[in-house]
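Reminder, nothing fancy here: chain letters follow the sequence lines and each chain counts from 1. Quick note: numbers below take in every heavy atom, side chains included, and nothing from hydrogens, waters or symmetry partners.
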Amino acid sequence: MEPSSELDASQSQAVHADAGPLIVAAGPGTGKTRVFSHRVARLIRDLHASPRSILAVTFTRSAAAEMRGRIRGLLAGSGADLGELWIETCHAAAFRILREEAYPYQGEFSILREEDKPGLLEGLLPSSERASLLDEIRGLKQGLQWPQSGPALAFQQRLQERRLLDFDDLFLFVLRLFDEKPESLKRWRQRFDHVIMDEFQDTSLAQYRFISRLAGEDFCVIGDPDQSIYGFAATPFSPFAQFRRDHPGCRVLSLTENYRSQAVILDAAKQVIARNRAQVPRCLRARLQRGLPVDISGHQSDRQEAEMIARRVEGLLGGASRFTVDSGWAQTGEEARCHGLADIAILYRLNAQARLFETALERAGLPYVTYGKKIKKDGVLIDEAEDLEDFRDSETAAPRGEAITLMTVHRAKGLEFPVVFLTGCEDGVLPFRRAADGRRAEPRIEEERRLFYVGMTRARQRLFISYARQRFLFGKTLKLAPSAFVADIAEELRRIQEQESPPRKRPGLQPDLFNL
DNA sequence: AACGGGCTTCTTTTT
DNA sequence: GAAGCCCGTT
Ligand SMILES: Nc1ncnc2c1ncn2[C@@H]1O[C@H](COP(=O)(O)OP(=O)(O)OP(=O)(O)O)[C@@H](O)[C@H]1O
Ligand SMILES: [Mg+2]
């Protein structure tokens with residue numbers, strides 16, 4: 001692994017950019033997250049900023065944990081430590097402030113988990129109307145409005161009786177706190193001289209308002225508009241555009257060198273994303289050598305897809321290095337059995353797709369870890385983060401570190417793997433389209449394309465794209481065409497293998513997706 | 001209260 | 001296919 005201390009010229013410029021509103025907008029694998037950690041480390045180590053004056057915002061808790069480790073590593077030997085540095089998600093930062101301010105309640109209060117929300121409406125509404133009320137409440141809160149009347153208000157009162165906040169409330173309350181108690185806002189603003197955010201493209205309006213109120217002169221946001229994949233979860237909002245409006249004349253830096261993916265993979269990904277309108281012309285160059293073509297395979301069925309991937313994985317695993325993490329080979333551009341289990345990720349659009357892979361991997365005796373799937377234990381939903389370790393004992397799954405990773409593309413955001421299988425690349429699955437008869441049959445195609453792009457750009461050395469002609473989903477067997485995204489990859493960058501169909505004569509005119 | 005048949009719905013997810 | 005929900009029956 002390359003030393004994580006190196007920076008190229010643009011990265012260095014971003015790290016050393018003076019305090020002042022700063023956007024770092026750059027493509028995947030260009031070292032945005034590296035810049036983030038170095039910028040924080042530099043503040044502490046070189047500029048002697050007090051760690052407690054820094055607020056570093058990440059998208060997930062696991063990213064926060066990893067960031068903590070990276071920064072600690074960068075500070076090692078300098079005598080400095082992390083002190084009271086805040087590395088938090090937006091939600092966690094809001095929650096911490098509310099707790100420290102004992103607002104809106106003295107003493108204990110807690111967060112209502114998403115799955116417990118409907119229960120709170122017990123007796124208030126027939127359960128068939130609960131979901132839509134919760135949607136309505138979310139809509140209100142996302143627009144920074146408090147529920148004012150009707151069952152929405154009743155829900156809010158029930159939260160209050162139980163000293164509970166839902167996730168959206170965190171921002172409503174912290175913003176209200178700042179409005180009601182200017183002295184409190186002043187204190188927090190004075191504390192956080194330096195605010196930095198990663199994955200800024202997925203910041204919601206409420207989150208942005210919250211962080212903006214805390215931030216002073218030194219406010220740095222880092223992200224990639226082409227990797228915005230959580231639009232579905234919030235009301236439409238363009239954080240980069242808003243930041244520019246709020247900070248006219250802010251500095252805008254970009255990073256153009258991709259250190260993650262071999263050139264063929266990156267070029268293929270660029271061809272796909274090129275179909276989305278770019279606000280700013282894209283510039284992204286591979287630093288690694290070309291590598292092997294993107295491997296595209298079509299299968300007769302979803303089961304076949306899973307079986308073939310399991311076999312493929314076996315072929316990739318190096319004998320001796322089978323259990324080494326990220327063995328760092330394949331710079332040679334040669335196919336080789338040199339990978340460890342932890343080097344390999346199987347990515348998919350829908351959690352429901354995971355099961356077939358689990359079955360196939362189990363049959364092949366290959367250890368894996370599935371992330372994010374809702375897990376029930378004795379009929380009760382358990383929280384993965386805390387309880388997965390125990391849970392694993394009772395299942396076939398393996399401990400982290402020597403297992404294949406199974407997760408949705410959404411979850412893979414920000415991560416990288418030497419070998420990536422991007423699966424279920426069918427029209428209707430990726431891009432996902434709700435059941436054909438539904439009104440909202442139109443997928444939000446640009447976001448789906450970004451998702452595909454995120455999936456592709458997780459790969460360092462090998463990218464396998466696969467689709468099935470037939471898939472069993474939601475109780476129906478669907479006939480599916482390959483995703484149009486696949487056809488956007490130029491011939492010279494890919495190698496296609498269509499698994500031959502069972503003996504059935506087909507007319508010569510077979511629509512060939514790849515010769516559009 | 002507990003059972004079961006018929007009905008609908010079912011992404012992606014942060015906390 | 002599985003789960004949740006409604007509603008009528010035991
Ligand atoms: N200057 C550099 N020299 C060598 N390797 C680098 C350099 N900068 C970054 N890398 C490596 O490139 C990979 C991608 O870096 P990083 O995760 O920071 O990119 P990113 O822009 O945050 O990607 P994403 O958009 O997917 O979040 C990592 O493996 C990182 O160690
Ligand atoms: Mg990153």
Side-chain angles (χ1 to χ4, degrees), chain A residues 57-65 88-99 110-119 121-122 125-132 135 138 141-142 164-174 197-204 206-208 210 227-234 302 347-356 371-374 376 379 381 383-386 407-414 424 426 428-441 443-444 447-452 454-455 471-478:
Chain A
V57 180
T58 61
F59 189 68
T60 63
R61 288 190 302 182
S62 65
E88 303 288 355
T89 64
C90 271
H91 290 86
F95 191 46
R96 264 184 97 163
I97 290 177
L98 290 172
R99 258 191 332 216
S110 47
I111 306 297
L112 177 68
R113 295 184 313 170
E114 210 56 37
E115 56 267 33
D116 295 334
K117 274 187 180 178
L121 291 167
E122 196 90 41
L125 272 184
S127 28
S128 53
E129 291 165 42
R130 286 179 201 169
S132 63
D135 280 351
R138 161 154 316 132
K141 292 180 175 178
Q142 294 263 345
L164 289 170
L165 277 61
D166 70 22
F167 290 118
D168 297 318
D169 284 342
L170 287 168
F171 305 113
L172 286 178
F173 276 117
V174 79
M197 302 180 77
D198 200 7
E199 305 284 6
F200 185 63
Q201 72 278 358
D202 283 311
T203 303
S204 74
Q207 292 169 355
Y208 176 73
F210 161 52
Q227 293 187 69
S228 159
I229 53 174
Y230 284 92
F232 69 90
D302 46 359
L347 307 182
Y348 38 81
R349 175 66 230 260
L350 306 169
N351 280 312
Q353 292 167 246
R355 233 201 62 217
L356 285 178
Y371 291 83
K373 230 171 27 160
K374 286 261 174 286
K376 277 196 174 177
L381 274 174
D383 190 19
E384 182 194 5
E386 278 90 338
M407 58 171 60
T408 62
V409 182
H410 280 94
R411 276 212 152 210
K413 184 172 80 158
E426 297 119 28
V429 177
L430 183 54
F432 184 79
R433 191 179 301 107
R434 285 174 56 142
D437 53 323
R439 278 170 289 271
R440 255 190 287 145
R444 282 163 323 196
E447 182 153 312
E448 296 292 314
R449 190 178 285 111
R450 290 193 291 270
L451 196 54
F452 191 84
V454 167
R471 176 174 300 280
F472 190 79
L473 206 56
F474 304 137
K476 276 207 195 72
T477 300
L478 307 169

- Could you check how far CG of A:L473 sits from C1' of B:dT12, rounded to whole Å? 13 Å

- Query: Hey, what's the ring geometry for A:H91 with A:F167, parallel, tilted or perpendicular (30° and 60° as the breaks)?
  - Reply: perpendicular

Using a cut-off of under 3.5 Å, enumerate the N/O to N/O pairs linking the protein to nucleotides 5-7 of chain C.
residue	atom	partner	partner atom	Å
C:dC5	O3'	A:S127	OG	3.3
C:dC6	OP1	A:S127	N	2.9
C:dC6	OP1	A:S127	OG	2.4
C:dC6	OP1	A:S128	N	3.1
C:dC6	OP2	A:S127	OG	2.9

- Would you please name every residue forming a side-chain contact (heavy atoms from CB on, under 4.5 Å) with A:D169, sequence neighbours left out? A:K141, A:W146, A:Q156, A:L159, A:L165, A:D166, A:L172, A:F173

- Query: Within this structure, what is the CG-to-P distance between A:D135 and B:dT9, rounded to whole angstrom?
  - Reply: 14 Å

- Query: How are the rings of A:F432 and A:F474 set to each other: parallel, tilted or perpendicular (split at 30° and 60°)?
  - Reply: perpendicular

- Send over the distance from A:E447 CD to B:dT12 P, rounded to a whole Å. 14 Å

- Item | Salt bridge present between A:E448 and A:R349 (N-O < 4.0 angstrom) | yes

- Query: Base, sugar-phosphate, or nothing for A:F95, non-hydrogen atoms under 4.0 angstrom?
  - Reply: nothing

- Task: Provide, to the nearest angstrom, the distance between the CD atom belonging to A:Q353 and the P atom belonging to C:dA2.
- Result: 17 Å

- Query: Looking at A:E114 and A:R138, does any basic side-chain N land under 4.0 Å from a carboxylate oxygen?
  - Reply: yes

- Note on the structure: When rounded to whole Å, the CD to P distance for the pair A:Q201 and B:dT12 reads 20 Å

- When the distance from CD of A:Q227 to C1' of B:dT12 is rounded to whole Å, what number comes out? 16 Å

- Query: Do you know which two heavy atoms are closest between A:T408 and A:L347, and how far apart they sit?
  - Reply: O-CD2, 4.4 Å

- Message: So for atom CZ, which belongs to A:R96, do other residues, nucleotides or ligands contribute more than 12 heavy atoms lying within a distance under 6.0 Å?
- Response: yes

- Do A:F210 and A:Y208 have ring centres separated by under 6.0 Å? no

- Interatomic distance, A:K476 NZ vs B:dT11 P [rounded to whole Å]: 14 Å

With the criterion being N/O to N/O and under 3.5 Å, what pairs connect the protein with nucleotides 13-15 of chain B, and how long is each?
residue	atom	partner	partner atom	Å
B:dT13	OP1	A:T408	OG1	2.5
B:dT13	OP2	A:N351	ND2	3.0
B:dT14	OP1	A:R411	NE	3.4
B:dT14	OP1	A:R411	NH2	3.0
B:dT15	OP1	A:R61	N	2.6
B:dT15	O2	A:H91	NE2	3.1

- Nearest heavy atoms of A:S110 and A:F95, plus distance in Å: CA-CZ, 4.5 Å

- Note on the structure: Rounded to whole Å, the CZ-P distance (A:R355 to C:dG1) equals 10 Å

